[in-house]
Each structure stands twice: as C-alpha cells, then as structure tokens.
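Here, residue 1 is the first one in the sequence, and each next residue gets the next number.
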Amino acid sequence: MPFPPPPADPEPPTAPAADAVEGRAPSSKARKGRFRWAWKLLAYASLALGVIGIVVPGLPTVPFVLLSAFAAGRGSERLHAWLLGHRQFGPIIRDWEKHGAVSRRSKWLAVSMMSVCAVIMFLTSPKLWMAMTGTAIMTVVAIWLWRRPEPPRA
C-alpha cells in the first residue's frame with residue numbers, strides 16, 4: 001500500500017460548550033463541531049477520489065487532495081496534519097494554503113494529462129459534442145490553472 005492510512009481522530013467531547021451553558025453564543029469551535037462529521041466525511045471521500053485519480057485517467061488528483069485538506073482543516077485535525085506532512089501531497093497543500101499557488105511542474109503535468117484525456121475522448125466518444133464539451137471544460141480549467149501564481153522559490 002503506497003500511502004499509510006492517516007491516524008484516527010478521537011471522538012469529540014459530547015458535553016455542551018461552556019459558552020452555550022452560560023447563555024452566550026457558542027464559540028467557533030463549538031459551531032464547527034456541529035458539522036464536524038460532514039467535514040470529516042468530505043475529507044476522507046475526496047482523499048479517496050484523489051488517490052483513485054492517481055491511476056484512473058481523467059480523474060484529477062490534486063483538486064481532490066486540496067478539497068480533502070480544506071475539509072480536514074474543519075473536521076479532522078489529525079488528517080489535516082497527516083496531509084500537510086505527506087511526502088507527495090504536503091508541498092502542494094502548503095503552497096496552496098499559504099500562497100494560493102501551484103508549481104510550474106504541477107501545471108505542466110496537469111495540462112499534459114488533460115491533453116491526453118482530450119485526445120482519448122475525441123477517439124472514443126460516440127458523439128463529437130461530448131468530446132468537445134469535455135475538452136472545453138478542461139481548457140477553462142487549464143487557463144485558470146496557468147493564471148494561478150507559482151510558489152516562491154526556497
């Protein structure tokens with residue numbers, strides 16, 4: 001197995017937040033806890049799709065890993081820390097979180113894979129409009145991607 005599983009999160013405390021008991025508005029941590037399970041579910045589901053995207057052509061990896069990091073930051077501190085420390089995913093996530101940046105290497109890889117997928121779609125789609133729609137969407141994504149800044153050099 002190329003990726004060791006992230007450590008499991010401990011169960012959140014079930015006692016009401018002190019703010020809620022005293023009649024004040026719940027703190028941001030208490031509000032976050034209400035939907036913590038949904039964030040955690042989104043984090044693990046998107047991470048699974050990202051890992052599947054490593055071997056399935058046409059299924060992107062990086063957007064799902066970034067979504068997983070975003071959701072884990074709200075639902076699973078341990079998963080978020082594991083993703084940030086991961087050898088492959090960590091640098092991408094840290095660049096995105098700090099600078100909204102994507103490395104030039106990642107941009108070239110993404111555009112290359114989208115080009116390969118576009119060729120495959122044109123060769124295998126039963127209708128021309130299907131391949132054209134997919135290619136148009138990938139073109140918009142590629143333009144957006146190239147407009148993102150690159151991380152500062154270390």
Colleague: Nearest 0.5 Å, please: how far is CH2 in Trp82 from CZ in Phe89?
Modeller: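 The CZ atom of Phe89 sits 6.5 Å away from the CH2 atom of Trp82.
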Colleague: Hydrophobic side-chain clustering at under 4.5 Å (ILVMFWY, transitive links): who's grouped with Val140? Put none if nobody.
Modeller: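 Taking Ile, Leu, Val, Met, Phe, Trp and Tyr as members, Val140 stands alone, with no cluster partners.
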Colleague: May I ask whether Phe64 and Val55 are part of the same hydrophobic cluster, defined by side-chain heavy atoms of I, L, V, M, F, W, Y residues being less than 4.5 angstrom apart, directly or through others?
Modeller: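 Looking at the clustering, Val55 is in the same group as Phe64.
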Colleague: Heavy-atom distance under 4.5 Å between the side chains of Pro152 and His99, does that happen here?
Modeller: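 Yes, side chains in contact.
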Colleague: Measuring from Lys127:NZ to Ser125:OG, what's the distance to the nearest 0.5 Å?
Modeller: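 These two atoms lie 11.5 Å from each other.
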Colleague: Nearest 0.5 Å, please: how far is CD1 in Ile92 from OG in Ser103?
Modeller: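 Result: 6.5 Å between the selected atoms.
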Colleague: For Leu84, give me all partners under side chain to side chain contact (heavy atoms under 4.5 Å, CB included), at least two apart in sequence or on another chain.
Modeller: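 With neighbours one apart ignored, the set is His80, Ile93, Arg94, Glu97.
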Colleague: Counting only heavy atoms from other residues, nucleotides and ligands, does the tally under 6.0 Å from CH2 of Trp146 exceed 12?
Modeller: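 For Trp146, atom CH2 is crowded (more than 12 foreign heavy atoms under 6.0 Å).
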Colleague: Taking all heavy atoms of Ala72 and all of Ala43, pick out the closest pair and write down the distance.
Modeller: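 That would be N-CB, 3.6 Å.
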Colleague: If you round to the nearest 0.5 Å, how far is CE of Met114 from CD1 of Ile137?
Modeller: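 The distance works out to 12.0 Å.
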Colleague: With Phe70, which residues qualify under ring pair (Phe, Tyr, Trp, His ring centres under 6.0 Å), at least two apart?
Modeller: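 Scan of Phe70 (ring pair (Phe, Tyr, Trp, His ring centres under 6.0 Å), adjacent residues dropped) gives Trp39.
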Colleague: For Met130, does the CE atom have more than 12 heavy-atom neighbours from other residues, nucleotides or ligands under 6.0 Å away?
Modeller: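 Result for CE/Met130: enclosed.
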Colleague: So which heavy atom on Ala110 is nearest to which on Leu145, and how close?
Modeller: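 For Ala110 and Leu145, the tightest heavy-atom pair comes out as CB-CD2, 3.5 Å.
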Colleague: Of all residues at least two apart in sequence or in a different chain, which pass the side chain to side chain contact (heavy atoms under 4.5 Å, CB included) check with Leu123?
Modeller: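 Checked Leu123 against side chain to side chain contact (heavy atoms under 4.5 Å, CB included); matches are Val119.
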Colleague: Roughly how far, to the nearest 0.5 Å, is CE of Met138 from CE of Met113?
Modeller: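 Spacing of CE (Met113) from CE (Met138) equals 11.5 Å.
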Colleague: With the 4.5 Å side-chain cut-off for hydrophobic clustering, are Val111 and Leu109 part of the same group?
Modeller: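 Shared cluster, no.
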Colleague: Minimum heavy-atom separation for Thr61 to Gly53, with atom names?
Modeller: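 It is OG1-C, 3.1 Å.
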Colleague: Find out if a path of hydrophobic residues (ILVMFWY) with successive side-chain heavy-atom gaps under 4.5 Å connects Trp96 to Leu79.
Modeller: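 As far as the 4.5 Å side-chain criterion goes, Leu79 and Trp96 are connected within one cluster.
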Colleague: Minimum heavy-atom separation for Gly100 and Arg148, please, with both atom names.
Modeller: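 In this case the closest contact between Gly100 and Arg148 is O-NH2, 2.9 Å.
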Colleague: Can you get from Val65 to Val51 by hopping between Ile, Leu, Val, Met, Phe, Trp and Tyr side chains that sit under 4.5 Å apart?
Modeller: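 Linked, Val65 and Val51 end up in one cluster.
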Colleague: With heavy-atom distances below 4.5 Å as the criterion, would you say the side chains of Val62 and Ser106 are in contact?
Modeller: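 No, too far: nothing below the 4.5 Å cut-off.
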Colleague: Once rounded to the nearest 0.5 Å, what's the spacing between atom CG of Leu83 and atom CD of Gln88?
Modeller: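 Going from CG on Leu83 over to CD on Gln88, the span is 13.0 Å.
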Colleague: Is there a path from Leu67 to Phe35 through hydrophobic residues (I, L, V, M, F, W, Y) whose side chains come within less than 4.5 Å of each other?
Modeller: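 Leu67 and Phe35: one cluster.
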Colleague: Which other residues end up in the same hydrophobic cluster as Val116, if Ile, Leu, Val, Met, Phe, Trp and Tyr are linked when side-chain heavy atoms come under 4.5 Å apart?
Modeller: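 Hydrophobic cluster check, Val116: joined to Ile120.
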Colleague: Give me the atom names and distance for the closest heavy-atom approach of Met121 to Thr135.
Modeller: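 Scanning both residues completely, I find the closest heavy atoms to be CE-N, 3.6 Å.
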Colleague: Considering residues, nucleotides and ligands other than Trp129, do more than 12 of their heavy atoms fall under 6.0 Å from its CH2?
Modeller: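 No, the 6.0 Å shell around CH2 holds no more than 12 heavy atoms from other groups.
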Colleague: Under the salt bridge (Lys or Arg N to Asp or Glu O under 4.0 Å) rule, collect the residues that match up with Arg104, sequence neighbours excluded.
Modeller: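 Residues passing salt bridge (Lys or Arg N to Asp or Glu O under 4.0 Å) with Arg104: Glu150.
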